[in-house]
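Reading through the structure tokens given below for one structure.
Numbers here simply count residues along the sequence, with the first being 1.
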Amino acid sequence: MPKLTIDGQEIEVPAGTTILQACEHAGIEIAHFCYHERLAIAGNCRMCLVEVERSPKPVASCAMPAGDGMVVHTKSPKAIKAQKGVMEFLLINHPLDCPICDQGGECDLQDQAMAYGFDRGRFEENKRAVRDKDFGPLVETHMTRCIHCTRCIRFLTEIAGVQELGATGRGEDMEITTYVERALGSELSANIIDLCPVGALTSKPYAFVARPWELTKTESIDVMDAVGSNIRIDSRGPQVLRVLPRVHEGINEEWISDKTRYAIDGLVRRRLDRPYIGRDHKRAAGWREALELAGERLKMVPGERVAAIAGDLCDAEAMFALKELLTGLGATSLDCRQDGAELDPRCRAGYLFNTTIAGIESADACLLVGTDPRREAPLVNARLRKRYLRGGFRVAAVGRSLDLTFPVEMLGAGGNTLNALVSGEHAWAAVLREAKNPMIVIGQGALARPDGRRVLGAARSIAQSCGLVREDWNGFNVLHNAAARVGGLDLGFVPGPGGRDVEGILAGCRSGAIEVLYLLGADEVDTGSLGSAFVIYQGHHGDRGARRANVILPGAAYTEKDGTYVNTEGRAQMARRAVFPPGEAREDWRILRALSSAAGAPLAYDTLRELRRRMWEAHPTLRETDEVTRARWEGFGEAGPVAPDPFEYPIEDFYRTDPVSRASETMAECSELFGVRRQEATLRTGTHG
């Protein structure tokens, strides 16, 4: 390990460490623009120049490895003069846009200019002007401000895996462009806004909306998929204005998907802000009237004729309260798997992403079964690509053709391939057996089939026969796409003795065996199959479930309540309230507590703290937040051959998967734009990825 001296301080660093990283290790700040710890080193901005003894000229510290015996000066007159000279060059062509620039107050160039800038310029020629590019509905461009750090190019190429952005020209004629004018087609594209150190790339939907010092910042959790990305919600008054990523090395690193970032405009559209009564001709009602009507129905109907389905965005507290209310009334037909996925709630290891998201980086072979991670969980797909780029990582898939951001070996479309893997006849069974840390990922599209239990059993058989599960490694993974799913399974929000699952509940509604159906934010079920059942819908958007309901109880969206969500790994995390629900809408657990009194079976808690204490006592796994505990490996699934039908993927339109994103104008624009592009690619290649 080399030892070097930085500003009189001797430090020892690992081999391969750059001077800039060594300075950070020593607590010395070096100004920079192009360097980013998660991107390849470019060395373009030259802002990080330092003086190294015996070097004839200043050295770019981001690109120079630290050597044994080096003596580095970061604050010497020579180093400071070099840094100020670079700043003067950067400002030669930079426009004086700070008063109108959306990056104002969060701009690296502003901050560094305060330290290294000069109060006048010596450049007298005309400033360079660059035509703005059209990167689509999400990213606004002001390319005259660009300082050519190439962070955006490196992110899209390395992390997102789409070769859509690059540099043309040289010197003063250099421009960042998409070559052929088109929108950026990555599900992670808007992360380049956060990476841009100046105001060249800004948020198009957020343009000229607010200044950062006007915003209230709340740390929370994303619910647009089951990854559980850590986010910061920025709000002003009653409205959420933007969502930004928070660093969490175990989950999303420092990236978020475009849907996470931009679906928030759907939070103010098609909202339910007061109770309604009536099936075909709905009318506004007061809380007392709506609760009494729903409570009377629950009291009148025997428990075996009452059922409930929990939706994909529900928090654990609401599902726990609803389960306690209905089981107290004798109901056993409860289900949180509104897509009908045949997950086995008896074994926790059978429905978790046991390898963990960060654990993907330790794998050396991966088999995807009926899943399209690029659309179901873009951050998981980014991890798979990150592991692929390191080399020694083979990925194969069972299902229809995939368009991922790394090479995938397509083994077959349907169950016959899975059966061959179970029997060991397929060549990839040997690949899994010979790998050091193999993993298998099963998607909801594979489990929502009629033979989903057999698919689950086949995956378990592969995991056991190919050595995916050991004392120090568990390579069996289920990839969820619903934020509420794992929490619901942990809470046991599944059919009890004699109870019906989702398919049985819908059949019971058609036949009349189910008289009262409680939809807790469940909008993905077939509401045309509910027959004459009395439907109570509790949710925050006027979506599919609300249109069919007899009673609508307006709840709070994920940005408007404190709640617990469990991600696909089984990691419990806390979402925080950033704004209050609109109008007369209330937090979901409060509505259920009030309804329990109207139904004559009051719940045994009046505060969120009391509810959580009771929930934690019944389900200890939810008590430990932000921790992943290894689940016990037990038997699950069903033995038997899998049907030869092709596996279908659950998400066709990435941008419109839930009530919030379906209400979003920005997501509708993306859906229209990229849906057309995907159809063109399908027609061109003859695939259905």
Side-chain angles (χ1 to χ4, degrees), residues 225-228 248-252 337 341-371 373 376-377 379-384 386-387 393 395-398 418 421-422 432-433 435-447 452-453 455-483 485-491 565-573 619-622 624-637:
D225 55 29
V227 174
H248 193 300
E249 298 295 345
I251 303 177
N252 59 303
R337 303 162 296 184
E342 295 287 353
L343 294 157
D344 194 335
R346 297 170 299 175
C347 176
R348 196 166 190 253
Y351 59 81
L352 292 185
F353 201 95
N354 295 283
T355 300
T356 71
I357 296 171
I360 292 172
E361 298 185 29
S362 301
D364 53 357
C366 177
L367 176 65
L368 306 174
V369 179
T371 181
E376 295 172 39
L379 275 306
V380 171
N381 190 69
R383 286 276 188 170
L384 289 168
K386 181 179 180 181
R387 176 62 188 89
F393 185 57
V395 183
V398 180
L418 201 60
L421 286 162
V422 172
L432 292 173
R433 280 194 298 269
K436 182 180 179 182
N437 291 324
M439 60 183 288
I440 184 172
V441 182
I442 305 97
Q444 300 305 295
L447 299 174
R453 285 186 181 276
V455 173
L456 191 63
R460 178 179 60 83
S461 178
I462 293 170
Q464 292 180 169
S465 63
C466 296
L468 273 68
V469 182
R470 307 188 303 264
E471 191 69 31
D472 61 337
W473 176 259
N474 189 336
F476 180 88
N477 303 289
V478 174
L479 182 59
H480 293 274
N481 50 43
R485 188 65 48 81
V486 175
L489 294 169
D490 283 348
L491 291 166
Y565 291 91
V566 187
N567 78 343
T568 192
E569 308 168 292
R571 186 192 303 265
Q573 300 185 103
H619 308 281
T621 55
L622 299 178
E624 303 299 328
T625 58
D626 202 25
E627 290 187 11
V628 178
T629 56
R630 178 160 180 167
R632 188 164 48 190
W633 184 258
E634 298 172 336
F636 55 87

Any side-chain heavy-atom pair of Leu421 and Val398 under 4.5 Å | yes

Does Gly250 offer a backbone N or O that forms a donor-acceptor pair with the side chain of His248 under 3.5 Å?
-> yes

Is a side-chain N or O of Arg630 found less than 3.5 angstrom from the main chain of Glu471, in a donor-acceptor match?
-> yes

Please tell me if the side chains of Thr568 and Glu376 come closer than 4.5 Å, counting only heavy atoms from C-beta onward.
-> no

With side chains defined as the heavy atoms from C-beta onward, is the minimum distance between Leu447 and Arg337 less than 4.5 Å?
-> no

How close do Leu456 and Gly350 get, heavy atom to heavy atom, and via which atoms?
-> CD1-O, 3.8 Å

Would you check if the side chain of Trp473 reaches a backbone N or O of Gly467 as a donor-acceptor pair within less than 3.5 Å?
-> no

Look at the side chain of Arg460 and the backbone N and O of Gly637, then say whether any donor-acceptor pair between them is shorter than 3.5 Å.
-> no

Cationic tip of Arg485 within the cone over Tyr351's six-membered ring, i.e. under 6.0 Å and within 45° of the normal?
-> no

Among all residues two or more places apart in sequence or in another chain, which pass the salt bridge (charged side-chain N to carboxylate O under 4.0 Å, His left out) test with Arg346?
-> Asp344

Might you confirm whether atom CZ of Arg632 has over 12 heavy atoms from other residues, nucleotides or ligands at distances under 6.0 Å?
-> no

Side-chain atoms of residues 352-361: list all donor-acceptor pairs with protein atoms under 3.5 Å, sequence neighbours left out, distances to 0.1 Å.
from   : atom 1 : to     : atom 2 : distance (Å)
Asn354 : ND2    : Ala349 : O      : 2.9
Asn354 : ND2    : Leu352 : O      : 3.1
Asn354 : ND2    : Phe476 : O      : 2.7
Thr355 : OG1    : Asn474 : O      : 2.8
Thr355 : OG1    : Asn477 : OD1    : 3.1
Thr355 : OG1    : Asn477 : ND2    : 2.9
Thr356 : OG1    : Gly359 : N      : 3.0
Glu361 : OE2    : Arg383 : NH1    : 2.4
Glu361 : OE2    : Lys386 : NZ     : 3.2

Residue pair Glu569, Ile251: steps toward the side-chain contact (heavy atoms from CB on, under 4.5 Å) verdict | CA-CA 9 Å; Glu569 308 168 292; Ile251 303 177; 4.0 Å; yes

Asp490 meets the salt bridge (charged side-chain N to carboxylate O under 4.0 Å, His left out) criterion, sequence neighbours left out, with Arg348

CZ-OG1 distance between Arg571 and Thr629, expressed to the nearest 0.5 angstrom | 10.5 Å

Of all heavy-atom pairs between Ala483 and Tyr565, which one has the smallest distance, and what is that distance?
-> O-CD2, 4.1 Å

